[in-house]
Amino acid sequence: MASLSTNSLSFRAPSIQSSRFSQVLRKPSSFQAISFGSFQSLKSLRLQISCAAKPETVQKVSDIVKEQLALSADTALTAESKFSALGADSLDTVEIVMALEEKFNISVEETDAQNITTIQEAADLIEDLVQKKPAA
Amino acid sequence: MLSSLIPLQLPSRMQTHLWYILPNEVNNKSLLKHYTQLLSQHEKDSISGMQSDELNKKNALLARTLVRTTLARYHTNNNDNTVVDPRALKFKKNLYGKPEVDWEVDDTTTNHPKLQFNISHTDSLIACGVTLNAPVGIDVEDKTRKMRHDVLSLAKRFYSSEEVKFLSSVEDTESQRKEFIKLWTLKEAYVKALGKGFSASPFNTFSIIRSDAETYNLCDQAGEWKFRLLELAASSHYAAICIEGEDGQEAMNVIVHKTIPFVEDELISI
């Protein structure tokens, strides 16, 4: 069970992969109820959770990547799949970023746009940006 | 029996040597096997680890082969003027991830001029640009490449406002697409020449403008960056080259060769 304090999250249970816990993190309303000193700790926390980005997000990113790179529908992509290893060049990457912006209605910073190298990174960035938007 | 690598004359200052391979022309299994033997273990592992089809893996092999054999040819062993072993070259990355040759400072058995290089590839063409002492960036692109998004939308999102203005003034859609790609290769070449990664120079922070049919320049530039845009391989590809020149230097001179390492070189007039 996790306890929340002003600046950090602490855990007793070593395994933090329960989906119920990750749902608590995802709901914007629960952020408003709890005040944090900064989002820094949240971000580093998320990177420690291997399946942090929702599976649906990873799937949507994979679909967009497959479409941009004209990969067959049954190409097996993992979250760690690197765009470059899939045959993407930098123009493909910006097109993927633009498609992600359209799909998720977000705006990616220039410095982030060309730093995304894997499906996981894209999914994490998307969820980060989606959370920062006013609750819909 | 494969011929040995033939030594090359160094590029002069303000000169870029551009070498390219057409993967479609390189299919001989034993030649490809020979190429594989030139690579470092890290390179071999990297290629076999690619989650990609055999063509992409072959192209990755050809890219590393092109870099190693080309750079090796500019270096001879002092005792007999033979080309150094391509396997002996070591590579490292600069602070921002740009690949460069890692010279062994104490090695007196070979001459090692401070060559700089940059590579670029598409599915159908792999190129390596080499200069002496001048930072260089190159980018190649298939002329017929279609974007999934509307060209002007992409430009508005990623290019500078001057460039968007220029592209908007191109009336024909097909010409607009070509101009977009030309600008893409020039902008990529510049960022790669700078060598500080894309974050240091986002595409919308600088403009490349064409002053006449063949001359491209950086708007408001600090430093003397020279650009050339070429068409390679029966005009199937655009190739952009960017090097850092010196104040008052004249335009960049480019020498282009098509090559199949260990087999043949063909001088291309441009």
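Lettering follows sequence order; numbering is per chain, from 1. Computed from a predicted structure; not experimentally measured.
- For A/Lys82, the NZ atom counts as loosely surrounded, since its 6.0 Å shell holds 12 or fewer non-hydrogen atoms of other residues, nucleotides or ligands.
- Of the inter-residue distances, the one linking A/Ser90 atom OG with B/Phe203 atom CZ reads 6.0 Å to the nearest 0.5 angstrom.
- Of the atoms belonging to A/Glu101, it is side-chain heavy atoms, and not backbone ones, that fall under 4.5 Å from chain B.
- Counting non-hydrogen atoms of neighbouring residues, nucleotides and ligands closer than 6.0 angstrom, the NZ atom of B/Lys146 exceeds 12 such neighbours.
- Atom CH2 of residue B/Trp184 and atom CG of residue A/Asp89 lie 7.5 Å apart, to the nearest 0.5 angstrom.
- Under a cut-off of 6.0 angstrom, the local environment of CD in B/Glu171 is sparse, with at most 12 non-hydrogen atoms contributed by other residues, nucleotides or ligands.
- Heavy atoms closer than 4.5 Å to chain A are found in the side chain of B/Asn204, but not in its backbone.
- When all heavy atoms are compared, the tightest approach of B/His149 to A/Glu102 is NE2-OE1, 3.3 Å.
- Proximity to chain B involves both the backbone and the side chain of A/Ala70, based on heavy atoms less than 4.5 angstrom apart.
- Rounding to the nearest 0.5 Å gives a distance of 13.0 Å between CG of A/Leu91 and NZ of B/Lys187.
- B/Arg148 contributes no side-chain N or O that, together with a main-chain N or O of A/Ala99, makes up a donor-acceptor pair within less than 3.5 Å.
- One finds the CD atom of A/Glu95 at 10.5 Å from the OG atom of B/Ser153 (value rounded to the nearest 0.5 Å).
- The local environment of NZ in B/Lys143 is crowded, with over 12 non-hydrogen atoms from other residues, nucleotides or ligands closer than 6.0 Å.
- The heavy-atom pair separating B/Asn56 from A/Leu86 by the smallest distance is ND2-O, 4.2 Å.
- Listed here is the closest heavy atom pair of A/Val108 and B/Arg157: O-NH2, 2.8 Å.
- Expressed to the nearest 0.5 Å, how far CG of A/Asp92 lies from CZ of B/Arg145 amounts to 4.5 Å.
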